[in-house]
Amino acid sequence: MKQKLRDNWKLFLIASLTLGLAPFNPPHIWGKIQWILGGSAFSGEHAMQFQDYFDVLLHGLPWVLLLISGILHLLKKK
């Protein structure tokens, strides 16, 4: 499993730059992150719904996999 995560960094990079950033102006995931960090995502009038959580997962997963792959590459070189 670690080997596949480490070796597929190119796939994760492509997924991050396409799905992870779509729509591109401004990147959708950036708006979701700001919404979550702003504190209004969990309560109040404009709280996140199920589709918003799914959206964060869909746009954020390629970035998480790319980060894991990069960390595994760094650990292998040590």
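Because the structure is a prediction, the values reported are computed rather than measured.
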Partner residues of Leu65 under the side-chain contact (heavy atoms from CB on, under 4.5 Å) criterion, sequence neighbours left out: Leu5, Phe12, Leu61

For Leu57, side-chain contact (heavy atoms from CB on, under 4.5 Å) partners two or more places apart: none

Residues 28-38 side chain polar contacts: donor-acceptor under 3.5 Å, at least two apart:
unit_1 : atom_1 : unit_2 : atom_2 : d
His28  : NE2    : Asp55  : OD2    : 2.3
Lys32  : NZ     : Asp52  : OD1    : 3.0
Trp35  : NE1    : His46  : O      : 3.3

Test item: Leu21 and Trp63 side chains (from C-beta on) under 4.5 Å apart, heavy atoms: yes

Over 12 foreign heavy atoms within 6.0 Å of OH, Tyr53: yes

With sequence neighbours left out, which residue pairs that include part of [range] fulfil the salt bridge (Lys or Arg N to Asp or Glu O under 4.0 Å) condition?
range: residues 11-22; answer: none
range: residues 12-23; answer: none
range: residues 56-74; answer: none
range: residues 11-26; answer: none

Side-chain hydrophobic cluster, 4.5 Å single linkage: members besides Ile14: none

Connected-component partners of Leu67 among ILVMFWY, side-chain separation under 4.5 Å: Ile71, Leu75

Over all atoms of both residues, closest heavy-atom pair of Ser16 and Pro62: OG-O, 3.1 Å

Residue pairs fulfilling side-chain hydrogen bond (donor to acceptor under 3.5 Å, both in side chains) with at least one residue in residues 5-14, sequence neighbours excluded: Gln3-Arg6, Gln3-Asp7

